[in-house]
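In the text below, chain A, chain B and the rest are named by the order of the sequence lines, each starting its count at 1.
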Number of protein chains: 2
Amino acid sequence: MSHMGYGRLMAVDRAHVLRSAAALLTRKATATMDEVAKAAGISRATLHRQFAGRDALVRALEALGIEECEAALDAARLDEGPASEAVRRLVREIEPAAGLLSFLYTENQLFEGEQQNEGWERLDARISALFRRGQESGEFRIDLTPAWLTEALFGLVASGAWVVLNGKVAAKDFHHMIVELLLGGALRRES
Amino acid sequence: MSHMGYGRLMAVDRAHVLRSAAALLTRKATATMDEVAKAAGISRATLHRQFAGRDALVRALEALGIEECEAALDAARLDEGPASEAVRRLVREIEPAAGLLSFLYTENQLFEGEQQNEGWERLDARISALFRRGQESGEFRIDLTPAWLTEALFGLVASGAWVVLNGKVAAKDFHHMIVELLLGGALRRES
DNA sequence: CCCATGTGAGACATCAATGTCTCATTCAAG
DNA sequence: CTTGAATGAGACATTGATGTCTCACATGGG
């Protein structure tokens, strides 16, 4: 064991397994544990040693997604500068996690049970606070509630990841199309 | 029933079964055939007589969703008047089908297989044409592609159905919040 | 070299949902 | 009343994924 958390042999890289699983499940949400294992380059037995079951794996992915989102929120410094600029930074920072979020977004089981990860509420609260700040500063319109804008943001990120995955739009346009639609809308500005 | 298409006994109302299934699956996408049957007030045997299996049921729901969408597009008269007004009518007409669309949107299996219902392409084409018309008329900005605007529309409708279902926003605000965000964005207008 | 640990491969049981059947019952038409 | 059709209830087999186990093997440390 030495002083590391891992054993003498190169233990399975848990983060790498989660990455592979996220990438695969984003493309094929119904992938089996066997397919997940193969995608990660390990055996099903080893996968099961890391995650007690499919449910545990999905929960771990949920925790990872929440973790990355919170890191993105931190990096975006939502409290600084104009709210619209904060939104731009947020989308920029959250883009790497978009695929994973898209998967979690469709994994309704996460929200059906009694106990759901309170991390989502924390994220909602922080993003809602950003939109509320923008409203109070006069940047954002007030007829669209912060709760709705927050949900719309997640929905657009998921949709964006989806269209990029399907090749309908280029990955480089991800940030622009989400931010511009969310902030400016489809209508052409008069001025 | 006599000269109707049904037998002497009151046959199961297929449309009603689909309605119930859509309503249940919108809330709980992982519901079993047994739960679907109970929700429709029929036995599992009868449900299975109507739909060969879960897959057939989902396919029928997909067909229903497409059908309702196309009906909504027809009713919205996308070719008439300003494009923005057509979008408003479209969202208005599509609202009753939002829950079903939200379910179908998360049912990735529909898009994983080789053969996917070409109805989606038809819908995409018609809605994309609307956004393109708006761009050519100068109403809509041209830096957001029709393909993206179309996907965003579906995504926002699904998100809208979701937040209404969860009570985060009132059902009466559905149309306003989607149309205003899609067309106008979150930024407050200067003028 | 020897040992301990983590892994891959595969066999096996389990489990839940599904698909399939039978049979009694109910209801409406004749 | 009789009959035919459709349903409800339940038994049963099937299926696919999952959870569990054993065992051989490879590898790095002692």
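- Using a distance-only test at 3.5 Å, with no hydrogens or angles considered, no donor-acceptor pair links the side chain of A:Arg189 to the main chain of B:Arg141.
- For the segment residues 39-48 of chain B, residues with any heavy atom less than 4.0 angstrom from an atom of DNA chain C are, sorted by number, B:Arg44, B:His48.
- With respect to A:Arg188 and B:Glu139, no salt bridge is recorded, no charged nitrogen being found less than 4.0 Å from a carboxylate O.
- Whole-Å rounding puts the A:His16 NE2 to C:dT7 P distance at 14 Å.
- Spacing between atom CZ of A:Arg49 and atom P of D:dC23 amounts to 14 Å, rounded to whole angstrom units.
- When every heavy atom of B:Thr30 is checked against every heavy atom of B:Glu35, the shortest pair comes out as O-OE1, 4.4 Å.
- When all heavy atoms are compared, the tightest approach of B:Met177 to A:Leu144 is CA-CD2, 3.7 Å.
- Summarising the geometry, the separation between CZ on B:Arg54 and P on C:dT20 is reported as 16 Å, rounded to the nearest angstrom.
- Salt bridge absent: A:Lys168 and A:Asp173 never bring a charged side-chain N and a carboxylate O closer than 4.0 Å.
- Each end of the helix from C:dC1-D:dG30 to C:dG30-D:dC1 gets its own axis from five base pairs, and the two axes differ in direction by 10°, given to 10 degrees.
- The nearest pair of heavy atoms linking B:Ala60 to B:Arg14 is CB-NH2, 4.1 Å.
- Counting heavy atoms of neighbouring residues, nucleotides and ligands inside a 6.0 Å radius, atom CG of B:Leu165 exceeds 12 of them.
- To the nearest angstrom, C1' of D:dT7 lies 17 Å from CZ of B:Arg14.
- Going from atom NZ of A:Lys38 over to atom C1' of D:dA17 covers 13 Å, rounded to whole Å.
- Between A:Arg77 and A:Glu85 there is no salt bridge, since no side-chain nitrogen of the basic residue lies less than 4.0 Å from a carboxylate oxygen of the acidic one.
- Around atom CZ of A:Arg59, more than 12 heavy atoms belonging to other residues, nucleotides or ligands sit under 6.0 Å away.
- Rounded to an integer number of Å, the gap from B:Asp55 CG to C:dA17 C1' is 14 Å.
- Residue B:Gln109 contributes atom CD, which lies 11 Å from atom P of D:dA17 at whole-angstrom precision.
- A donor-acceptor contact shorter than 3.5 Å is absent between the side chain of A:His175 and the backbone of A:Val91.
- Taking both residues in full, the closest heavy atoms of A:Leu149 and A:Leu182 are given as O-CD1, 4.5 Å, listed atom of the first, atom of the second, then distance.
- For the contact set between residues 24-35 of chain B and DNA chain C, defined by any heavy atom under 4.0 Å, the members are B:Thr32, B:Met33.
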